[in-house]
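Following: one structure in structure tokens, then a few remarks.
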There are 4 protein chains.
Amino acid sequence: MGPPDRRPTPDRTVDVPVRNEKKGERTRRKLLEAAEQVLVTYDYHDASIAKITEAAGVAQGTFYLYFSGKKDIFDEVVAELNRKVRHAMTEAARGATSRLEAERLGFAGFFRFTREHPALYRVIRQAEFVSPSALRNHYEKIAEGYFTPLQDAMATGEVAPGDPMILAWSLMAVGEAIGMRWIVWDEAKEVPPEVFDEMMKIITRMLGGSSTEGTTEAVVEQTKRRRGEKV
Amino acid sequence: MGPPDRRPTPDRTVDVPVRNEKKGERTRRKLLEAAEQVLVTYDYHDASIAKITEAAGVAQGTFYLYFSGKKDIFDEVVAELNRKVRHAMTEAARGATSRLEAERLGFAGFFRFTREHPALYRVIRQAEFVSPSALRNHYEKIAEGYFTPLQDAMATGEVAPGDPMILAWSLMAVGEAIGMRWIVWDEAKEVPPEVFDEMMKIITRMLGGSSTEGTTEAVVEQTKRRRGEKV
Amino acid sequence: MGPPDRRPTPDRTVDVPVRNEKKGERTRRKLLEAAEQVLVTYDYHDASIAKITEAAGVAQGTFYLYFSGKKDIFDEVVAELNRKVRHAMTEAARGATSRLEAERLGFAGFFRFTREHPALYRVIRQAEFVSPSALRNHYEKIAEGYFTPLQDAMATGEVAPGDPMILAWSLMAVGEAIGMRWIVWDEAKEVPPEVFDEMMKIITRMLGGSSTEGTTEAVVEQTKRRRGEKV
Amino acid sequence: MGPPDRRPTPDRTVDVPVRNEKKGERTRRKLLEAAEQVLVTYDYHDASIAKITEAAGVAQGTFYLYFSGKKDIFDEVVAELNRKVRHAMTEAARGATSRLEAERLGFAGFFRFTREHPALYRVIRQAEFVSPSALRNHYEKIAEGYFTPLQDAMATGEVAPGDPMILAWSLMAVGEAIGMRWIVWDEAKEVPPEVFDEMMKIITRMLGGSSTEGTTEAVVEQTKRRRGEKV
DNA sequence: AATGAATGAGCTTTCATTCAT
DNA sequence: AATGAATGAAAGCTCATTCAT
């Protein structure tokens, strides 16, 4: 299953000891990094302990000194990726002056992450079958990150009133679908600008705010300006 | 799309010879049905050829007379499920008098299908790792089904102008996310009415049409009437 | 554990197809024979499936077509050995004209078996930890074989009255201990005659019958005569 | 034999430093006690060094400072148990006024020990495969303990003349078999009185002495009296 | 058209033992 | 005197696939 021979198994992880790190901790970290790396190329079933330990440059038995089994390390990898995606989105949206701008920047950040980690994106989705709880946790954490900002924006009228959680899930879903279709499937470096613009028009309508700033036209205009196109 | 295959999913593999069906074709059909059945309970890796052939009542060797391998039959099962979901959605939307109503009915149909086939839903998602091409085909066929109707609705102004394909993907994504979150995760019999209403408010904004009929308020009103609540 | 390198693993079992035996049955029999053979040299834990299948000349996977696991085949081997020992004892005692003579011949038969299968003797005792039920079954079957004859002999006064089962267990125990001490430990070809005679004196007293024939002196006399010694 | 080691078997490894005991000796003792404890619950193969060192509260590596391997410590544990059983039997028989009474008390003591240490009983028998020499040593020491008393009793006519060693082995065997059958298998608190009496009738005959005191009837009478039954 | 016995590579996991610190 | 991280061989077992019948 999966694409087992697209790339050869990476032989070793470069072991750069982190400062103040004990021997045991370093080995654990090496294993975690190796697992992430192996899961880039192989799916859960094909990502064997043998491949992981080989990539980490340790003996097979060593694995069980740090993890109780395959699912255990998988869960940790998922948790780490979750942290990374959320970080990428939050950082991208930082400094936005409106909810809509925050969405635009956040989506752009998410797509950038998707492009930079096309295989890790696969890992997250795989969790649905390997570790449902890890998957739930992933989506819920992202949705929760949306909750308060959307609630606040609803209070100011920037976003149409409603249940912030349902809106959060809807926005998240659109981003994921567009990312899957126009980045992962097309193995593209980015969502084509016209698709992004079109998507933002839809997102704008989903938010349904009343302020001028948030209208479809205004957004398209802003974006074009940013790209240096003429309005 | 005609009404293909109106038989309900068989609970067990009962071999009722179809008229004019040769022996070989019947065996092939038995295997396909058995695979579908087994994949309801087991995921791809646990659904062994042995389980499938046992369920079909044939010897293991027979399997390779009709399918080139495990992935082969999986692809065929996915294709069949795809046919069924699309059929369920199309049938549900039949007779709608507006695009918005068609969406509402279509989503309801999709949720009903999700509720009735919670495990089959999992099968489709699993295709992402087992057979990426099957998965693409699945989503693309659904999206294509949206294309013409949305294009037409844009022409009449019922839906805001734009790229019908991107809107199709966005709508599909929202439905899937809500179905996953409120049916599959909650193991619920249906999406709670208030969630459905809230989602429809968002969908309505996504369509962004100009006709009165399509406004949020109008839709909520219609729905309440249907439920016998006072407006 | 155990003496792992006394003898090399036997490479193959000579496969003499038994008449009217189907392919599957023959493979099963080959595995059973190979297991018995391997268990002669190695103890339960060291008698790996790999060694067994190699000795049988089949692939490892084939093993699981016929046995559910290691314990399964072990139980069958124990059961077969049990059948063999009881057969050896019964055959040996056949034709005895008194209970005491039957005992003498039976013990001699048991010792002969012990001598011919010193390692199989070990296998039986190993069952105590590997498969307690198999072990119980083994001893109980032997004890049961004693029951009726002893009961009958008690009725005729040939053996002192009492509980035949407790006497059966006591006789069995003495035989086993003497066999262990003077055959297995000494790797001897037989229990030394003077030990055997001494043991028979004790056995004679244990039976405690009243008939002249059964007295210690009479037995020793008979035995000496048989050996051609002068009385 | 003096009264060595009157401390009860420790339920847990509590490290009470013994007077004048150096640190190294204490660690060694802790390991030995931990091994005994672990072997009560697990059999040889499942009693891992990890479990033993954990129970002893020392690091795994420390084990090899005191023992050359797993078999080494096992042998020492067996030797200690051997000391304990013999001690239990000797103590029980102390004060007997005849050989027969000594047997009766000795058997009772052995059964009591068996009942109190059902798992340790298993440990001894396991030695047969783990460490044949330890096992031989065990039985030989017990048999030797019988030797002199039986020899003396034969001299006085209390026991029928013969080879004391063969009689010793026979008696030992009967005790072990009855203990296994009616205590270990039945998980009973004691050998049922009627079984014990019946066994003593057999033992009495095995000893085959001439003095009145030793007759079956006399023994049964004594026993009944002890139990307060009327004769 | 069908059988089903046989394959063998590959998996996860355990554990006695070593050795640098 | 003690540590505990690391080892690596070996185990039992599964399963997609083949092929002689």
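Please read these numbers as outputs of a predicted model, since none were measured by experiment. Letters A, B, ... are given to chains in the order of the sequence lines, protein chains preceding strands, and every chain is numbered from 1.
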If I take atom [atom1] in residue [X] and atom [atom2] in nucleotide [N], what distance separates them, rounded to the nearest angstrom?
| X | N | atom1 | atom2 | answer |
| --- | --- | --- | --- | --- |
| A:F67 | E:dT13 | CZ | P | 13 Å |
| A:E54 | F:dT7 | CD | P | 13 Å |
| D:L31 | F:dA1 | CG | P | 14 Å |
| C:I73 | F:dC13 | CD1 | C1' | 15 Å |
| A:D43 | E:dC11 | CG | C1' | 14 Å |
| B:K30 | E:dA1 | NZ | P | 14 Å |

*Pairwise distance NZ(C:K71) to OH(C:Y44) - rounded to 0.5 angstrom*: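 Here the rounded value is 7.5 Å.
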
Min side-chain heavy-atom separation [X]-[Y] under 4.5 Å:
| X | Y | result |
| --- | --- | --- |
| D:Y64 | D:I49 | yes |
| A:T53 | A:T62 | no |
| B:F129 | B:L135 | no |
| B:F74 | B:V123 | yes |
| D:L81 | D:E36 | yes |
| C:D43 | C:D46 | yes |

*Verify salt bridge (Lys or Arg N to Asp or Glu O under 4.0 Å) between D:R29 and D:E25, making sure each step is shown before the conclusion.*
CA-CA 6 Å; D:R29 186 171 52 76; D:E25 280 170 16; over 6 Å; no

*asked:* One character per nucleotide, please: for nucleotides 15-20 of chain E, 5' to 3', B when the base has a protein heavy atom closer than 4.0 Å, S when only the sugar-phosphate does, - otherwise.
replied: BSBB--

*Phosphate contact (F:dA2 OP1 or OP2) by D:Y66 side-chain N/O below 4.0 Å*: yes

*Find the runs of at least 3 consecutive base pairs, i with j, i+1 with j-1 and so on, that include DNA chain E, using Watson-Crick or G-U wobble geometry with both distances under 3.5 Å.*
E:2-21 with F:2-21

*Hey, is CD on D:E54 packed in by over 12 heavy atoms from elsewhere, all under 6.0 Å?*
no

*Return the nearest nucleotide to the side chain of C:T27; candidates are F:dA5, F:dT3, E:dA6.*
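Nearest to the side-chain atoms of C:T27, counting from C-beta on, is E:dA6.
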
